[in-house]
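For reference, the structure discussed in these notes is given below.
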There are 2 protein chains.
Amino acid sequence: MSKNQKKISEKTIERLSAYRRYLKDLLKKGKDRVYSHELSQIVSGTAAQVRRDLMEVGCNGCSSKGYEISLLIEEISKLLDCSDKQNIALIGVGNLGRALLGYFSGSRDNFDIVAAFDSDPGKSGRIICGRRCYDMEQLPAMLGELKINTAILAVPAESAEKVAQTLIESGIKAILNFAPRHITTGSGVFIETLDMTSALEKAIYFSRKNTQQRKST
Amino acid sequence: MSKNQKKISEKTIERLSAYRRYLKDLLKKGKDRVYSHELSQIVSGTAAQVRRDLMEVGCNGCSSKGYEISLLIEEISKLLDCSDKQNIALIGVGNLGRALLGYFSGSRDNFDIVAAFDSDPGKSGRIICGRRCYDMEQLPAMLGELKINTAILAVPAESAEKVAQTLIESGIKAILNFAPRHITTGSGVFIETLDMTSALEKAIYFSRKNTQQRKST
DNA sequence: CTAAAGTTGTGAAATATTGCACAGCGTGAT
DNA sequence: ATCACGCTGTGCAATATTTCACAACTTTAG
């Protein structure tokens, strides 16, 4: 219905997610309005950038009173979230996978990891961190059954590409990849790789070039 | 000694780290040369970008034979690594922290997590995933003693800022932050935040805008 | 020896992203 | 009622990053 503005940049989407989380915190603390310069600190940007980001969600600011927090949360959520809670799959229940299960288990109201998959038959059928673990063979079927279109990939590097291929063929729409391997996809599947090793090596590198000051994701 | 080229972008540093990892794999498989277009696939960029990145390390390519892998690894390492292996500290030995200990424990020859810290006294003194766990009180002293200047922060959001402050005051030079909180620092401390929740929400968002195809870190 | 094919290094264009700066407006003080 | 102040929305400039495109060079084939 709403005339869809062309394209919101990935960076902006990330920041909106961070703003929302912070806004929820503020709301819990009893605040009801924020200024762009307050929000700018949590992403180390400028106030102008925040205002620009917020314009994307259909701006609600009010001169000299700032933004109304609850309204802002609502608008950001309208943009970021689907109408219904998203079901997520976790692939790979090793150390990292289990940690992620724990990490993402808090009270999220827009998504939920509903199933875990692992190639180790010993894990199949068990409940791990509150989620049922299935065998990899069941993946294609379960993705459809549970209406999952986003997956978290936490398998070893060696199997990342093969598993990703399976996911894509099973109709997944987005993958958050923790394996230190690039995933190629001709199709329209969105892949976000969090390369922890590169991130650490980058930190190590810049620990010696202590010039700049830096930001986030 | 070498006239230091002004500034290498963070993006480039990340990609160099990824190239190197891939190059090591190739070397193990017996290959001894690569072309820029082969490397470009592992970061989903263009060949030109790879060549540009490699120029930063002092380019060694050879027309129509590509780059010699072992030489490239050596040059990238010369740029990325310090002369000596870097000691890293992990702060926060919860689920995520332990997973990170495991994740980073493989055979790394340029860095090593040598100590873990946690505010829970019950963990202090124990060996977790092969690393000794210290109490937070010991942090300032141990950082100096072990010559640690990079830390991985895996504490809950609530304590992230306070702990980061302690780290900075103790002279840390870079922080890889997993807590969903922005860390502010006036000083020249490098902070890299890996916001897993934002990353997942971004993936969820783009799972519905299945237009583009995307890359990495 | 010559030509064809394929690759590197890189200037220059194209994009993407960020920051500046100011008009316009609401608020509170006088 | 008026004015000073502070904040938003945004055009525009400044950066940062990526891609294009092509000259120069190597190898291989004929």
Side-chain angles (χ1 to χ4, degrees), chain A residues 5-16 18-19 23 31-69 71-72 75-76 182 198 202 206 209 211-217, chain B residues 5-16 18-19 23 31-69 71-72 75-76 182 198 202 206 209 211-217:
Chain A
Q5 47 269 317
K6 48 249 54 173
K7 186 75 78 43
I8 301 186
S9 87
E10 292 190 32
K11 297 263 184 73
T12 295
I13 294 296
E14 284 178 22
R15 284 191 297 260
L16 287 174
Y19 298 149
L23 290 169
K31 276 197 74 169
D32 64 340
R33 309 199 76 94
V34 266
Y35 297 123
S36 58
H37 68 259
E38 298 175 90
L39 280 174
S40 75
Q41 297 181 332
I42 73 140
V43 292
S44 33
T46 61
Q49 184 177 59
V50 173
R51 293 198 295 271
R52 232 172 246 289
D53 287 340
L54 295 184
M55 275 175 52
E56 305 272 23
V57 305
C59 105
N60 321 93
C62 167
S63 302
S64 96
K65 282 198 308 181
Y67 299 84
E68 185 181 329
I69 294 180
L71 192 56
L72 213 42
E75 292 295 332
I76 293 177
H182 179 254
S198 286
K202 175 166 120 178
F206 283 107
K209 322 275 173 179
T211 40
Q212 65 220 292
Q213 163 181 1
R214 263 278 292 157
K215 48 162 200 308
S216 59
T217 287
Chain B
Q5 47 270 321
K6 49 253 46 176
K7 186 74 76 48
I8 302 184
S9 86
E10 292 189 33
K11 297 263 184 72
T12 296
I13 295 295
E14 284 179 23
R15 284 190 297 258
L16 286 174
Y19 298 149
L23 289 169
K31 277 199 72 169
D32 63 340
R33 310 199 75 94
V34 265
Y35 297 123
S36 57
H37 67 259
E38 298 176 90
L39 280 175
S40 75
Q41 298 181 330
I42 72 138
V43 293
S44 39
T46 61
Q49 183 177 58
V50 172
R51 293 199 296 274
R52 233 172 243 291
D53 287 339
L54 295 183
M55 276 175 52
E56 305 272 23
V57 306
C59 105
N60 322 92
C62 169
S63 301
S64 97
K65 283 197 309 182
Y67 299 85
E68 185 182 329
I69 292 179
L71 192 56
L72 213 42
E75 292 295 331
I76 293 177
H182 179 255
S198 287
K202 175 165 119 178
F206 283 106
K209 322 277 173 178
T211 41
Q212 65 220 294
Q213 163 182 2
R214 262 280 292 155
K215 50 165 198 304
S216 59
T217 285

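Below, read A as the first sequence line, B as the second, and so on, with proteins coming before strands; counting in each chain starts at 1.
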Nearest-Å distance, [atom1] ([X]) to [atom2] ([N])?
X      : N       : atom1 : atom2 : answer
Q49(B) : dT18(D) : CD    : P     : 5 Å
E56(B) : dT10(C) : CD    : P     : 11 Å
E10(A) : dA16(D) : CD    : P     : 21 Å
I13(A) : dT17(C) : CD1   : P     : 12 Å
D53(A) : dG9(D)  : CG    : C1'   : 13 Å
K7(B)  : dT17(D) : NZ    : P     : 10 Å
R33(A) : dG6(D)  : CZ    : P     : 18 Å

Notebook entry, point to check: How far does the helix from dC1(C)-dG30(D) to dT30(C)-dA1(D) bend, going by the axes of its first and last five pairs, to the nearest 10°?
Noted result: 0°
Note to self: For a quick test of reading the model: is some side-chain N or O of S9(A) closer than 4.0 Å to OP1 or OP2 of dA16(C)?
What the structure shows: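 For dA16(C), neither OP1 nor OP2 has a side-chain N or O of S9(A) closer than 4.0 Å.
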With a 4.5 Å cut-off on side-chain heavy atoms, are [Y] and [X] touching?
X       : Y      : result
R51(A)  : M55(A) : no
I76(A)  : L23(A) : yes
H182(B) : S44(A) : yes
E38(A)  : K31(A) : yes
H37(B)  : Q41(B) : no
Y19(A)  : L54(A) : yes

Could you go over nucleotides 2-9 of chain C and give all protein N or O partners under 3.5 Å, atom names and distances?
residue	atom	partner	partner atom	Å
dT7(C)	O4'	S64(B)	N	3.4
dT8(C)	OP1	S36(B)	N	3.0
dT8(C)	OP2	S36(B)	OG	2.7
dG9(C)	OP1	G61(B)	N	3.1
dG9(C)	OP1	G61(B)	O	3.4
dG9(C)	OP2	Y67(B)	OH	2.6
dG9(C)	N7	R51(B)	NE	2.7
dG9(C)	O6	R51(B)	NH2	2.9

Notebook entry, point to check: Nearest heavy-atom pair of A47(A) and S36(A): which atoms, and what distance?
Noted result: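 So the minimum-distance heavy-atom pair works out to CB-OG, 3.5 Å.
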Checklist line | Heavy-atom closest pair, residues V57(B) and E75(B) | finding: O-OE1, 3.7 Å
Notebook entry, point to check: If you measure from OG on S9(A) to CD on E14(A), what distance do you get to the nearest 0.5 Å?
Noted result: 8.5 Å
Notebook entry, point to check: Between the side-chain atoms of R52(B) and the base atoms of dT19(D), is any donor-acceptor pair under 3.5 Å?
Noted result: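 It does, because a donor-acceptor pair links the side chain of R52(B) to the base of dT19(D) below 3.5 Å.
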Notebook entry, point to check: Counting side-chain heavy atoms from CB outward, which of dT10(D), dT18(C), dA21(D) is closest to A48(A)?
Noted result: dT10(D)
